[in-house]
Amino acid sequence: KQEVTQIPAALSVPEGENLVLNCSFTDSAIYNLQWFRQDPGKGLTSLLLIQSSQREQTSGRLNASLDKSSGRSTLYIAASQPGDSATYLCAVRPNSGYALNFGKGTSLLVTP
Amino acid sequence: GAVVSQHPSWVICKSGTSVKIECRSLDFQATTMFWYRQFPKQSLMLMATSNEGSKATYEQGVEKDKFLINHASLTLSTLTVTSAHPEDSSFYICSARALDSRGDNEQFFGPGTRLTVL
């Protein structure tokens, strides 16, 4: 059974810092990996999707990398802003099927 | 873009009543819809997978007689929580897999429904 772990569970940084969120998964037979943002009491916003054949994806200040063989992904946020405060979820889709396996998320607080 | 809506966005009900939650794909047809549940500070857990016109497939530990899923069309799936109890209080999120080529890669998520059972 696929287990997805996110470290740290919570993170507080001052505005302007660069930061890294980590995601690990136990079964490397994945189709793709996706990073989401979730604001309190809200649904999910897709940030980046990395196919299993890709190493990284970038969107603005966000960069996600994938090392499938070691079961790891990182989300790099450059020049953090208070508006980045949210919970960030990592989810993997297995080769078989379409349902996603989610981590518990990293709760990020960026202070002014 | 691909938009998925959920209704209601929040609901409060008394213990023992039934609650229906709708998930609609607004601008695309969805071959498959997924229902997830999220408890506070926890990850999203898949409850069931529903395909249009067929019975839903439930994950282990999810009672199919308690969580009734109907997927009557390519744009609508409903989740009915029957005889709700306080332990059913949670955030329910649906997602939809598009019938077109976008469905090969990703799902589109609804905004979620907050259920509180008193």
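All figures in this text were calculated on a predicted structure; none of them were measured in a lab. Per chain, numbering begins at 1; letters A, B, ... match sequence-line order.
A single hydrophobic cluster is seen to contain both A:Leu47 and A:Ile50, as judged by linkage of ILVMFWY side chains at heavy-atom distances under 4.5 Å, directly or through other members. Hydrophobic clustering (side-chain heavy atoms under 4.5 Å, transitive across Ile, Leu, Val, Met, Phe, Trp, Tyr) keeps A:Val92 apart from A:Phe102. A single hydrophobic cluster is seen to contain both A:Leu62 and A:Leu21, as judged by linkage of ILVMFWY side chains at heavy-atom distances under 4.5 Å, directly or through other members. B:Phe91 and B:Leu115 end up in different hydrophobic clusters when Ile, Leu, Val, Met, Phe, Trp and Tyr side chains are linked at under 4.5 Å. Under the 4.5 Å side-chain heavy-atom criterion for grouping Ile, Leu, Val, Met, Phe, Trp and Tyr, B:Ile21 is not connected to B:Leu68 through any hydrophobic cluster.
No other option in B:Pro111, B:Pro40, B:Gly112 has as many heavy-atom pairs under 4.5 Å with chain A as B:Pro111. Here B:Arg97 is the residue among B:Gln42, B:Arg97, B:Gln107 with the most heavy-atom pairs under 4.5 Å with chain A. Of all the listed residues (B:Phe109, B:Phe108, B:Trp10), the one sharing the greatest number of non-hydrogen pairs under 4.5 Å with chain A is B:Phe109.
Only the side chain of A:Tyr31 has a heavy atom closer than 4.5 Å to any heavy atom of chain B. Heavy-atom distances place the side chain of A:Gln51, and not its backbone, under 4.5 Å from chain B. For a residue to count as touching a neighbouring chain, one of its non-hydrogen atoms must lie under 4.5 Å from one of that chain's; by this rule B:Gln38 touches chain A with the side chain only. Contacts of B:Ile93 with chain A are made by side-chain atoms alone, with heavy-atom separations under 4.5 Å and no backbone atom involved.
Note that the OG1 atom of A:Thr87 and the NZ atom of B:Lys41 stand 6.5 Å from one another [nearest 0.5 Å]. For the atom pair B:Gln60 CD and A:Lys1 NZ, the distance stands at 9.5 Å (nearest 0.5 Å).
Close approach to chain B, defined as a heavy atom under 4.5 Å from one of its heavy atoms, is seen in A:Gln34, A:Phe36, A:Gln38, A:Gly41, A:Lys42, A:Gly43, A:Leu44, A:Ser46 of residues 34-46 of chain A, taken by number. Annotation: residues 104-112 of chain A contacts chain B through A:Lys104 [non-hydrogen atoms, separation under 4.5 Å].
Within 6.0 Å of CZ on A:Arg55 lie no more than 12 heavy atoms contributed by other residues, nucleotides or ligands.
The shortest side-chain heavy-atom distance between A:Leu100 and B:Tyr36 falls under the 4.5 Å cut-off.
A:Gly103 approaches B:Ser43 most closely through the heavy-atom pair O-CB, 2.8 Å.
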